[in-house]
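Numbered from 1 within each chain, the chains take letters A, B, ... in sequence-line order.
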Amino acid sequence: MTTVVWFRQDLRIRDNPALAAAHARGKVAPIFILDDVTPGPRRRWGGASRWWLHHSLVSLRHDLGHLALFKGAPSDVLPAFIEKVGATAVFWNRCYEPYAIARDQALKASLQAGGIEVQTFNGSLLHEPWEVATASGAPYKVYTPYWRASLAKPVAAPLPAIKPQVDASVPPGDRLDDWQLLPTRPNWAAGWQQRWQPGEAGALEALDAFARDGLADYSQQRDRPDLKGTSRLSPHLHWGEISPRQIWARLGLETESPSNRKGAEKFLSELGWREFCHHLLYHFPTLPERNWRRAFDAFPWRQADGDLKAWQQGMTGYPLVDAGMRELWQTGWMHNRVRMVAASFLVKHLRIDWRRGEAWFWDTLVDADLANNAAGWQWVAGSGADASPYFRIFNPVTQGKKFDPDGDYVRRWCPELARLPDEHIHAPFDAPPETLAAAGVELGRTYPRPIVDHARARKAALDGYEKVRSAGD
DNA sequence: TTTTGAGTTGTTCGA
DNA sequence: GTCGAACAACTCAAA
């Protein structure tokens, strides 16, 4: 008996429920479908995600021994593939993007109507979004009670690795290179393979390194963009090269020292945010498109295309923001602390609609994830569930001094400022002229002047939120 | 149904 | 330099 396993965001052979169940039935016909056609917001993977996907598929194909690649609408591709390999069943692990849920439900119904057995599994979350609910059965809208309720539920143990018996008659489908997932002209991802190792082996190595070395100081170091204090597991998690269950199981063992235990709990609570974001997206499917708090529809966003461009290019004149945006552009990733500062700057200092920032992150982040991205941006904007209060406006200079105290992070990504002394590295616009000259910095020429004044921008943002407040009634 | 306590990540101002 | 209070009300979750 051959079972088709449709791989999506579960590009691994360990703890893969759909693959394990199919293997238990007999031969397996694995397939990945590049779906650029199903309609929906952010249905098409961004540029950085496509780079990651390419390499992750190479890795998965190697681990499986065979992987069929097809491009197009799953509603066309999958039934044809099932027929071609003579399968009687298809298994997959669930996705949670609203368009994917609609697509998969329709496909499941039509396959079942055609006599094909369909089974779906949880391969991406500790708990399904509908499994965690308040006493009255409603979805949670606040993180802390959500996570408390999640912690009270048992987490399934991870499944062992599967080396499936692949059906020899499985057609290979497309050549991966023909999908052109990798950038050319220019190849902006040159050098990314020194920084990232997409695929299951890389994910396991990253978890191993983090569990070994990262937990003891995680609670403090996670906020320091100048240090390597975070796990960098986010892109691996997004593509399902590793599952939250595996992380849960691994970190649950790291309890020999109190500091490790504290770090593990903190990290798992970050995993909890990922779960909460998926919970929100599932229960509020317009999250990527509409203000979760509708009163924010009254916020007076600016068009300001030039300011948007300066932000995207890391040319705002605020070193921490610029360092973050350049790190993003050059590596496909940005430190979480800096994401908050840079996002807050776009939304509150520049008063540009969070959706335009969300779109930029979607295209440039290797860990771009609809649930996390949409919920994160709405959190920063103040329009989201359990969001940052409107009056919380990050000061990029204060944040820089606090979390990049020696300026190492700014110097790495804004080398034109590298020779400034520590006390001026986060606010070159306040440095004495002779200090700037000695460091070879000429504002407006070698590094931009601030595109907005912090105090004025802060006041304007608060005025904008006043409109939201009055629209709330 | 009503009430009560609580709520990721900050900044600024004044003592 | 450090510290606490104000920011401003509102919504949520649970008793």
Rounded to whole Å, the CG-P distance (A/Leu462 to B/dT11) equals 13 Å

Would you mind reading off the distance between A/Leu320 atom CG and B/dT9 atom C1', rounded to a whole angstrom?
-> 14 Å

Partner nucleotide of C/dA8 by Watson-Crick or wobble geometry (both distances under 3.5 Å) = none

Evaluation steps, side-chain hydrogen bond (donor to acceptor under 3.5 Å, both in side chains), between A/Asp223 and A/Gln221 = CA-CA 5 Å; A/Asp223 269 325; A/Gln221 299 217 352; over 6 Å; no

Is there a side-chain polar atom (N or O) of A/Arg337 under 4.0 Å from OP1 or OP2 of B/dT9?
-> no

Candidates C/dT11, B/dG7, B/dT9 - which lies nearest the side chain of A/Arg293 = C/dT11

Euclidean distance, atom NZ of residue A/Lys402 to atom P of C/dT2 [Å, nearest integer] | 13 Å

Show the distances under 3.5 angstrom between N or O atoms of the protein and N or O atoms of nucleotides 12-15 of chain B.
unit_1, atom_1, unit_2, atom_2, d
B/dT12, OP1, A/His454, NE2, 2.7
B/dT12, OP2, A/Asn395, ND2, 3.1

Return yes if a side-chain donor-acceptor contact under 3.5 Å exists between A/Tyr96 and A/Glu128, otherwise no.
-> yes

Between OH of A/Tyr465 and P of C/dA9 the distance, given in whole Å, is 17 Å

Rounded off to whole Å, could you give me the NE2-to-C1' distance for the A/His283 and C/dC12 pair?
-> 15 Å

Output yes when at least one side-chain N/O atom of A/Gln399 is less than 4.0 Å from OP1 or OP2 of B/dT9, else no.
-> no

Taking a pair to mean Watson-Crick or G-U wobble geometry with both distances below 3.5 Å, B/dT9 pairs with none

For B/dA6 versus C/dA8, give the span between their P atoms, rounded off to a whole number of Å.
-> 23 Å

Go through B/dT9, B/dG7, B/dG10 for me and flag the one nearest to the A/Asp386 side chain.
-> B/dG7

Hey, does A/Arg339 reach any base, or is it just sugar-phosphate, or nothing, if we go heavy atoms under 4.0 Å?
-> nothing

Taking atom CZ of A/Arg195 as the centre, does the number of heavy atoms from other residues, nucleotides or ligands within less than 6.0 Å exceed 12?
-> no

Go through the side-chain N and O atoms of A/Asn93 and A/Asn122 and say whether any donor and acceptor fall under 3.5 Å apart.
-> no

Whole-Å distance, A/Arg392 CZ to C/dA5 C1', equals 15 Å

Would you say the side-chain atoms of A/Glu97 and A/Gln9 include a donor-acceptor pair closer than 3.5 Å?
-> yes

Test item: side-chain donor near acceptor, A/Glu416 and A/Thr446, under 3.5 Å = no

Between C/dT11 (C1') and A/Phe296 (CZ): distance, integer Å | 13 Å

Does A/Arg337 make a cation-pi contact with A/Phe403 (under 6.0 Å, within 45 degrees of the axis)?
-> yes

Hey, are A/Glu241 and A/Ser56 close enough side-chain-wise for a donor-acceptor pair under 3.5 Å?
-> yes

Side chains of A/Thr120 and A/Arg94, donor plus acceptor under 3.5 Å = yes

Quick one: label A/Glu270 by what it contacts on the DNA or RNA (base, sugar-phosphate, nothing), any heavy atom closer than 4.0 Å.
-> base

Polar contact flag, side-chain donor to acceptor under 3.5 angstrom, A/His238-A/Asp369 = yes

Return the value, rounded to whole Å, for the distance between atom CZ of A/Phe345 and atom P of B/dG10.
-> 18 Å

Output a table of nitrogen or oxygen pairs between the protein and nucleotides 13-15 of chain C separated by less than 3.5 Å.
unit_1, atom_1, unit_2, atom_2, d
C/dA13, OP1, A/Lys141, N, 2.5
C/dA13, OP1, A/Val142, N, 3.4
C/dA14, OP1, A/Tyr140, OH, 3.2

With a 4.0 Å cut-off on heavy atoms, is A/Phe391 in touch with a base, just the backbone sugar-phosphate, or nothing at all?
-> base

